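Here is the structure we will look at, set down as C-alpha cells.
These figures come from a predicted structure and were not determined experimentally.
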Amino acid sequence: MLSLCGADCCRECSRKEDCGGCVKTDGHPFKGRCIAAEYVKQGGMETFLRKKETLIKEFNSLGIPHLHVDDLELLNGFFINLEYPFPNGQSVKLFEDNNVYFGNQIEIPGNDRCYGLAADDRYLLVCEYGCEGADPQIVIYKRR
C-alpha cells in the first residue's frame with residue numbers, strides 16, 4: 001500500500017519524486033496536506049468513506065444542470081489549481097498546489113466544456129472550462 005487511504009496516487013503522479021510518498025510523509029505529500037490522509041487519521045477508512053460520500057451528496061445537491069457525480073478521485077492541487085480571471089483583469093488560484101483534494105471532471109452533454117470539481121474539508125468548488133483547462137470560469141465556490 002502506497003498511501004494511508006489505499007489509493008495508488010503514486011502510479012499516475014508526474015511529481016512523485018518531489019512528493020515523498022503518503023506513508024513516508026505521514027499524509028503530507030509535497031509538504032502540504034492530503035484530505036484523504038487527514039480523514040483516515042481522524043477515524044480510519046470508515047470516516048474517509050463517509051466524508052467522501054458526504055461530499056458527493058453536496059455536489060449533487062447543488063442543482064447545477066448536467067452535474068451528477070458518482071465518485072471523487074484524489075487529485076493533486078498543481079493539477080486542478082486553475083487561474084480564474086476576474087472582471088478587473090486579475091487572476092486568482094483558489095487552492096494550494098501542494099495539497100491533495102477530492103475532485104472529478106464531468107463532461108457537459110452537447111458542449112465542448114466540462115465541469116471541474118474540487119473540495120476539501122473547508123471549501124467546495126465547481127468550475128467550468130474548455131479543453132485542457134482553457135477559459136476557466138467559477139460556477140460555485142463556497143465555504144463548507
Which is it for I56 and D70 under the side chain to side chain contact (heavy atoms under 4.5 Å, CB included) test, yes or no, and what are the steps along the way?
CA-CA 7 Å; I56 290 170; D70 294 315; over 6 Å; no
Just verifying a value: how many Å separate H68 NE2 and N60 CG, rounded to the nearest 0.5 Å?
5.0 Å
CD-OG1 distance between Q42 and T47, expressed to the nearest 0.5 angstrom
6.5 Å
Rounded to the nearest 0.5 Å, the OH atom of Y39 sits from the CE atom of M45 at a distance of 13.5 Å
L125/K142 under side chain to side chain contact (heavy atoms under 4.5 Å, CB included): CA gap, chis, key distance, verdict
CA-CA 7 Å; L125 169 71; K142 71 177 202 165; over 6 Å; no
Quick one: do D120 and K51 make a salt bridge, cutoff under 4.0 Å?
no
Give the intermediate values and the outcome of side chain to side chain contact (heavy atoms under 4.5 Å, CB included) for residues E58 and R144.
CA-CA 9 Å; E58 281 183 54; R144 295 187 60 221; 2.5 Å; yes
Let me check something: any side-chain donor-acceptor pairs from residues 102-116 under 3.5 Å, sequence neighbours excluded? List them with distances.
unit_1 : atom_1 : unit_2 : atom_2 : d
N104   : ND2    : D71    : O      : 2.6
Q105   : OE1    : Y129   : OH     : 2.8
N111   : OD1    : R113   : N      : 3.1
R113   : NE     : E128   : OE2    : 2.8
R113   : NH2    : E128   : O      : 3.1
R113   : NH2    : D135   : O      : 2.8
Y115   : OH     : P65    : O      : 2.9

Tell me whether E46 at atom CD has more than 12 heavy atoms from other residues, nucleotides or ligands lying less than 6.0 Å away.
no
How about Y101 and E96: do any of their side-chain heavy atoms sit closer than 4.5 Å?
yes
4.5 Å side-chain heavy-atom contact, I64 and V126
yes
N99 side, atom CG; N76 side, atom CG - distance, nearest 0.5 Å:
10.0 Å
Output, in order, the C-alpha distance, side-chain angles, deciding distance and verdict of side chain to side chain contact (heavy atoms under 4.5 Å, CB included) for L117 and L67.
CA-CA 10 Å; L117 314 178; L67 176 64; 3.7 Å; yes
Contact summary for L82 and P136, nearest pair of heavy atoms:
CD1-CB, 3.8 Å
Would you name the heavy atoms of S91 and P85 that are closest together and state the gap between them?
OG-CA, 3.8 Å
How far apart are the closest heavy atoms of A119 and F59, and which atoms are they?
CB-CZ, 3.9 Å
Shortest non-hydrogen contact from D121 toward I35:
N-CD1, 3.4 Å
Rounded to the nearest 0.5 Å, the CZ atom of F78 sits from the CZ atom of F95 at a distance of 15.5 Å
Using a 3.5 Å distance criterion without hydrogens, assess whether the side chain of K52 forms a donor-acceptor pair with backbone atoms of L72.
yes
So which atom in C127 and which in Y84 form the shortest heavy-atom distance, rounded to 0.1 Å?
SG-OH, 3.3 Å
If you round to the nearest 0.5 Å, how far is CG of L74 from SG of C34?
5.5 Å
